[in-house]
Amino acid sequence: MERVKASFKAKLESALPGQEIIVERPKSAELGDFAFPCFRAAKALGKNPAQLAQELASQLSLEGAEILAAGPYLNLKLQGETRARLMLEALVAHPAFGSAQPHDETVLVEYSSPNIAKLFTIGHLRSTMIGHTLAQVNRYLGCRVWRLNHLGDWGTQFGTLLAAYKRWAETDNPALDQDFAWAEEIPEKRRTPLYRLFQLYVRFHQEEEAQPDMRAEARTWFKKLEGGDAEARRLWAWFREVSLKEFQRIYDRLGVSFDAMDGEAFYEDKLANAIDTLKAANLLEPGDGGAQIVRLEDRGIQTPSIMLKADGTSIYATRDLAAALYRRDTYHFDRCLYVVGSDQILHFQQLFAVLAKLDPWFEGRMSHTPFGMVKLPEGKMSTRKGNVVFLEDVLDEAVARVLAIIDEKNPELHDKARVAEQLGMGAVVFFDALNDRVKPITFTWDRVIALDGDTGPYVQYAHARICSVLRKAGGDWAAMAQPMASSEAALPFPSQAVPASLQGLDHPSAQALLFELAGLPDALRTVQRENMATALARQLLAIAKAFSAFYTHCPILWAENAPEVRDARLTLSLATARALRQGLFLMGIQAPEEM
RNA sequence: GCGCCCAUAGCUCAGGUGGAUAGAGCAUCAGCCUUCUAAGCUGGUGGUCGCUGGUUCGAGUCCAGCUGGGCGCACCA
């Protein structure tokens with residue numbers, strides 16, 4: 001298919017020497033496979049675009065295709081059989097459709113980055129799954145990817161935790177294994193030390209509002225921690241351990257993993273060096289109130305970046321600076337993506353500006369991928385205030401709703417629990433990718449856990465129906481839809497020969513499906529270019545939708561079908577199953593064979 | 001007050017580098033299960049793309065102003 005595009009482009013280039021030739025993808029299959037808008041070239045040549053299109057149409061030809069003028073457009077439309085052969089060859093006879101060869105490009109993706117002693121909320125899902133998809137797609141496109149979890153395991157918040165622990169837990173609940181008498185009851189399945197740490201954190205912030213001097217208490221504890229106080233260190237390590245254990249459970253459930261979990265604390269012994277580097281470059285100067293700052297007015301940023309607080313302790317900017325310097329020296333990356341909420345836009349503008357002043361090498365390599373915050377209908381979520389929706393509650397509710405539908409629609413299904421888990425995750429995760437925009441999301445249960453229409457389960461359903469047909473087809477059809485091994489990004493499917501006759505695919509719905517499958521490589525490149533999962537999710541929906549139409553219009557295993565028709569349709573179905581499974585896999589979503 | 005982002009159908013949203021009659025889903029209405037999973041398919045209703053100017057052969061897309069929202073603005077992350 002790429003070769004057809006290239007030769008179309010080459011023909012246009014020789015017909016229109018000196019003109020820039022941009023070949024687009026038409027809006028729908030009826031128009032053709034490739035389109036050339038004639039506006040620009042026509043203007044340069046002083047011609048009418050429609051007339052130019054006519055002229056080109058009569059001049060150019062390509063075997064197996066028609067080149068037609070449609071108003072001001074010149075469209076290349078493959079013959080149905082040629083289109084089918086090209087696509088099926090690419091999809092089932094060759095590995096990893098739409099992928100790219102491994103090449104020397106290193107991409108860092110920093111994502112998830114939860115704060116220790118806080119529970120995962122629905123808000124954390126965004127960074128986690130957007131980051132996961134970006135990492136996976138970049139791998140699929142041949143980049144060397146490092147997945148970094150910049151854990152929030154340092155900072156003043158630990159002062160808060162330490163102070164709160166000393167006040168209300170140390171004497172009567174030191175192991176955090178009892179419920180607090182003063183706290184509201186914890187749901188049965190959430191009774192963990194982490195949850196009680198969270199309660200301590202919330203209480204501290206609530207009481208702090210009435211007694212502002214408690215803030216100094218928290219700061220003092222952080223200073224002790226950063227100063228190496230043994231007790232502070234011991235508690236810190238324990239808080240961290242307790243948190244990581246819970247995080248890991250969530251990551252396992254989401255199928256997310258990392259190449260490095262170097263959190264903020266990891267950079268603690270690198271802070272002094274980072275500060276020295278700033279000093280050596282003459283960038284550090286005293287600011288109001290005794291803090292050490294870097295001025296950024298020359299970069300168009302009025303707010304200076306604070307690098308050391310007045311009490312001499314570090315701040316997150318210091319740790320992000322040290323992390324960036326460390327990553328430069330460790331990974332020699334080409335791009336570093338920070339998948340962090342849009343409320344930190346200014347912070348990253350400052351950070352990137354400081355880095356660029358320090359070392360021009362950073363310019364153009366750093367990129368913040370912001371996303372809109374998740375809000376509740378009542379307003380902003382706040383861990384401190386305790387009005388949050390926990391991620392696990394959303395996941396559990398999704399699974400419960402799926403289970404109820406399975407009991408209603410397919411009560412005989414074996415391994416119900418596993419399938420319900422896969423579909424529930426699919427619903428929640430797919431929703432997040434679909435709505436990947438900088439705009440904030442207002443959380444409502446029915447939206448996030450929708451199971452029909454443009455949803456993950458809709459795509460999963462199309463895949464499951466194909467698998468069902470392949471099973472009934474006998475032979476090794478079903479096995480051909482299975483990856484041969486687990487894999488990082490590109491699923492290894494067995495190679496399948498494309499049948500000699502593809503006449504069973506001349507129905508418009510089959511051709512429309514081929515057209516949507518052909519859009520997958522573009523969608524993947526869009527994900528990479530825009531750092532957004534949306535394009536992939538939308539393309540998978542388009543493929544699933546096109547398959548559903550094909551499925552209802554073209555019987556596959558019909559007894560009256562000629563064997564060639566049956567085989568051609570099975571091959572197209574197989575190709576679709578692979579594309580869907582691969583696409584979902586890149587998004588961190590499983591594709592059950594039955595549902 | 002300053003800076004960044006957003007505004008598309010009743011609701012929730014898609015609409016690279018300006019270009020083919022502005023697309024989905026939900027909701028609603030009408031059809032479709034004696035053949036491969038109806039979590040589905042087919043069709044209908046529904047839009048002055050916030051407002052006003054401008055650039056252009058051509059603007060949902062670019063520019064300016066306005067209106068209405070979101071986020072941020074020095075020792076939290």
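Lettering follows sequence order; numbering is per chain, from 1. Model, not experiment: these values are computed from the prediction.
Contact check on A/Glu20 versus A/Lys43 returns no salt bridge, with no Lys/Arg side-chain nitrogen under 4.0 Å from an Asp/Glu carboxylate oxygen. For A/Arg581 and A/Glu593, the salt-bridge test passes: some basic side-chain N is under 4.0 Å from an acidic carboxylate O.
Applying the 3.5 Å distance criterion, the base of B/A77 shares a donor-acceptor pair with the side chain of A/Tyr316. For A/Asp288 and B/A74, a side-chain-to-base donor-acceptor distance below 3.5 Å is present, hydrogens and geometry of angles not being considered. For A/Asn75 and B/A20, a side-chain-to-base donor-acceptor distance below 3.5 Å is present, hydrogens and geometry of angles not being considered.
Every ring pair (Phe, Tyr, Trp, His ring centres under 6.0 Å) that A/Phe239 has, sequence neighbours left out, goes to A/Tyr165.
Proximity note for A/Lys43 (side chain, C-beta onward) versus B/A74, B/U56, B/U37: the nearest is B/U56. Here the nucleotide nearest the side chain of A/Val438, chosen from B/A38, B/C13, B/C5, is B/C5.
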request  = Go through the steps to decide whether A/Phe158 and A/Tyr201 satisfy the test ring-ring contact (aromatic ring centres under 6.0 Å, His included), and finish with yes or no.
outcome  = CA-CA 9 Å; A/Phe158 276 90; A/Tyr201 182 84; 9.4 Å; no

inquiry  = Please evaluate residues A/Ser314 and A/Tyr267 with respect to the criterion side chain to side chain contact (heavy atoms under 4.5 Å, CB included), reporting the C-alpha separation (whole Å), side-chain torsions for both, the decisive distance (0.1 Å), and the verdict.
reply    = CA-CA 11 Å; A/Ser314 67; A/Tyr267 299 100; over 6 Å; no

message = Could you go through A/His347 and A/Gln350, starting from their C-alpha distance and side-chain angles, then the distance that decides it, and tell me whether this counts as side-chain hydrogen bond (donor to acceptor under 3.5 Å, both in side chains)?
response = CA-CA 5 Å; A/His347 165 64; A/Gln350 292 175 317; 4.8 Å; no

Test log, rule ring-ring contact (aromatic ring centres under 6.0 Å, His included), inputs A/Tyr73 and A/Phe39 = CA-CA 8 Å; A/Tyr73 285 83; A/Phe39 303 97; 5.7 Å; yes

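In this structure, A/Lys439 does not reach the B/C6 phosphate: none of its side-chain N or O atoms is under 4.0 Å from OP1 or OP2. At the phosphate of B/C76, OP1 or OP2 sits under 4.0 Å from a side-chain N or O atom of A/Arg215. Between A/Arg538 and B/G15, a side-chain N or O to OP1/OP2 separation shorter than 4.0 Å is absent. Distances shown here put every side-chain N or O of A/Ser342 at or beyond 4.0 Å from the OP1 or OP2 atom of B/C5. Between A/Thr156 and the phosphate of B/C76, there is a side-chain N or O to OP1/OP2 separation shorter than 4.0 Å.
For A/Glu408 and B/A38, the CD to C1' distance is 11 Å, given to the nearest whole Å. The nearest whole Å value for the distance from the CD atom in A/Gln350 to the P atom in B/G3 is 16 Å. Across the protein-nucleic acid pair, A/Phe431 atom CZ and B/C11 atom C1' stand 13 Å apart, rounded to whole Å. Atom CE in A/Met373 sits roughly 15 Å away from atom P in B/G70 (whole-Å rounding).
Where A/Asp522 and A/Ile441 meet RNA chain B, the nucleotide closest to each residue was compared, and A/Ile441 sits on the side nearer the 5' end. Nucleotides of RNA chain B nearest to A/Thr313 and A/Leu74 differ in position, and the one nearer the 5' end is that of A/Leu74.
The aromatic ring of A/Phe39 does not sit over the base of B/G58, since the test of centres under 5.5 Å and planes under 30° is not met. Taking the 5.5 Å centre cut-off and the 30° plane limit, the aromatic side chain of A/Tyr551 is not classed as stacked on B/G40.
Under the side-chain contact (heavy atoms from CB on, under 4.5 Å) test applied with A/Thr156, the options A/Tyr316, A/Trp221, A/Phe222 reduce to a single match, A/Phe222.
In this structure, B/C6 shows a glycosidic angle more than 90 degrees from zero, which is the anti conformation. Regarding the sugar-base torsion, B/G60 falls in the anti class, its angle being beyond 90° of 0.
As judged by a 4.0 angstrom heavy-atom cut-off over every strand, A/Tyr458 is placed among residues touching the sugar-phosphate backbone only. A/Leu346 comes within 4.0 angstrom of the backbone, heavy atoms only, and of no base.
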key: Canonical and wobble pairing (Watson-Crick, G-U, under 3.5 Å) of RNA chain B, dot-bracket with |   = (((((((..((((.....[...)))).(((((.......))))).....(((((..]....))))))))))))....

